[in-house]
Amino acid sequence: QLQLAESGGRSVQTGGSLRLSCAASDRTFSHYTMGWFRQAPGKERERIAHISWNVKDTSYADSVRGRFTISRDNAKNTLYLQMNSVKPEDTAVYYCAASLSWGTYLAPSDFKSWGQGTQVTVSS
């Protein structure tokens, strides 16, 4: 099972930007679809973006499309989430995850390896 570790979460003001990173344990990272999820207090875990192993395909939730960008560097075994124009409703714990599946819509159950999460707080 691929080990994943998120970093980069912090407090930021509305309209600001930040970049999350997810470091994978080894080179098998390059074979996985990678995704970002978030979970706010009292809410279900939400898929916000995922990216194919060869970076040819990406998918975004409507809530973040146009503001967030998912990317990966397979040479560095690292996944990124660039977050721009953040809003208070973006406040959540953000998780990266790995899947051997691909599709426009993937559920949390499609992802078998998960990081421990990093907190993002957006203030007014």
Side-chain angles (χ1 to χ4, degrees):
Q1 188 171 354
L2 192 66
Q3 292 179 296
L4 304 171
E6 304 92 339
S7 63
R10 61 182 178 90
S11 181
V12 63
Q13 289 190 305
T14 297
S17 298
L18 71 165
R19 191 187 197 192
L20 306 184
S21 298
C22 172
S25 58
D26 58 62
R27 291 291 295 173
T28 61
F29 168 84
S30 64
H31 301 294
Y32 288 86
T33 293
M34 297 297 301
W36 284 102
F37 295 76
R38 67 186 181 188
Q39 189 164 22
K43 303 294 184 181
E44 296 290 325
R45 188 166 296 188
E46 174 191 17
R47 182 201 65 86
I48 59 174
H50 59 272
I51 185 168
S52 64
W53 69 273
N54 59 6
V55 310
K56 291 183 178 180
D57 297 300
T58 58
S59 180
Y60 294 91
D62 290 343
S63 58
V64 306
R65 187 177 294 109
R67 299 188 297 120
F68 294 4
T69 302
I70 188 171
S71 62
R72 67 192 297 166
D73 187 337
N74 287 343
K76 297 181 178 179
N77 300 331
T78 304
L79 176 74
Y80 303 98
L81 184 69
Q82 179 66 44
M83 304 169 61
N84 296 329
S85 302
V86 296
K87 306 173 181 179
E89 52 263 43
D90 295 323
T91 295
V93 177
Y94 283 71
Y95 301 88
C96 65
S99 175
L100 292 176
S101 300
W102 173 255
T104 302
Y105 300 97
L106 294 176
S109 60
D110 293 313
F111 292 81
K112 304 305 180 184
S113 298
W114 293 83
Q116 296 177 22
T118 186
Q119 177 71 48
V120 173
T121 301
V122 182
S123 61
S124 300

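Hydrophobic clustering, with ILVMFWY side chains joined whenever heavy atoms are under 4.5 angstrom apart, keeps Phe37 apart from Leu100. Hydrophobic clustering (ILVMFWY, side-chain heavy atoms < 4.5 Å, transitive): Ile70 and Leu106 are in distinct clusters. The hydrophobic clustering, which links ILVMFWY residues whose side-chain heavy atoms are closer than 4.5 Å, places Leu18 and Val93 apart.
Counting only distance, with no hydrogens or angles, the side chain of Lys56 and the backbone of Trp53 share no donor-acceptor pair below 3.5 Å. Judged by distance alone, with hydrogens and angles left aside, the side-chain atoms of Ser52 form a donor-acceptor pair with the main-chain N or O of Asp57 at under 3.5 Å. Within the 3.5 Å criterion, the main-chain N or O of Thr91 finds no donor-acceptor partner in the side chain of Thr121. Without hydrogens or angle criteria, Thr118 side chain to Glu6 main chain gives no donor-acceptor distance under 3.5 Å.
Under the 4.5 Å side-chain criterion, counting only non-hydrogen atoms from C-beta, Asp90 is in contact with Arg67. Residues Val120 and Arg38 are not in side-chain contact: their nearest non-hydrogen atoms beyond the backbone lie 4.5 Å or more apart. You'll find the side chain of Leu4 stays beyond 4.5 Å of the side chain of Tyr95, heavy atoms only. Put simply, the side chain of Thr14 reaches to within 4.5 Å of the side chain of Pro88, judged on heavy atoms. Residues Tyr80 and Leu20 are not in side-chain contact: their nearest non-hydrogen atoms beyond the backbone lie 4.5 Å or more apart. Between Glu44 and Pro108 the shortest side-chain heavy-atom distance does not fall below 4.5 Å.
Once rounded to the nearest 0.5 Å, the distance linking OH of Tyr60 with CD1 of Ile48 reads 9.5 Å. To the nearest 0.5 angstrom, Phe111 atom CZ is 6.5 Å from Thr33 atom OG1. With rounding to the nearest 0.5 angstrom, the CD atom of Gln3 is 9.5 Å from the CD atom of Gln116. Atoms SG and CG, from Cys22 and Leu2 in turn, are 8.0 Å apart once rounded to the nearest 0.5 Å. Atom OH of Tyr32 sits about 11.0 Å away from atom CZ of Arg72, to the nearest 0.5 Å. Rounding to the nearest 0.5 angstrom, the gap separating the OH atom in Tyr94 from the OG atom in Ser7 is 15.0 Å.
Heavy-atom minimum distance, Phe29 versus Asn77: CD2-CA, 3.6 Å. Annotation for His31 and Arg27: closest pair CD2-O, 4.5 Å, computed over non-hydrogen atoms. Residues Ser59 and Arg47 share a closest heavy-atom pair of O-NH1, 3.4 Å. Of all non-hydrogen atoms in Gln82 and Ser17, the two that sit nearest each other are NE2-CB, 4.1 Å.
Between His50 and Trp102, the ring planes are perpendicular. Angles over 60° get that label, and only those under 30° would be called parallel.
Ring pair Trp36/Phe68: centre-to-centre distance not below 6.0 Å.
The pair Arg65-Asp62 meets the salt-bridge criterion, since a charged nitrogen lies less than 4.0 angstrom from a carboxylate oxygen.
In the model, Glu89 has no side-chain atom that pairs as donor or acceptor with a side-chain atom of Ser63 under 3.5 Å.
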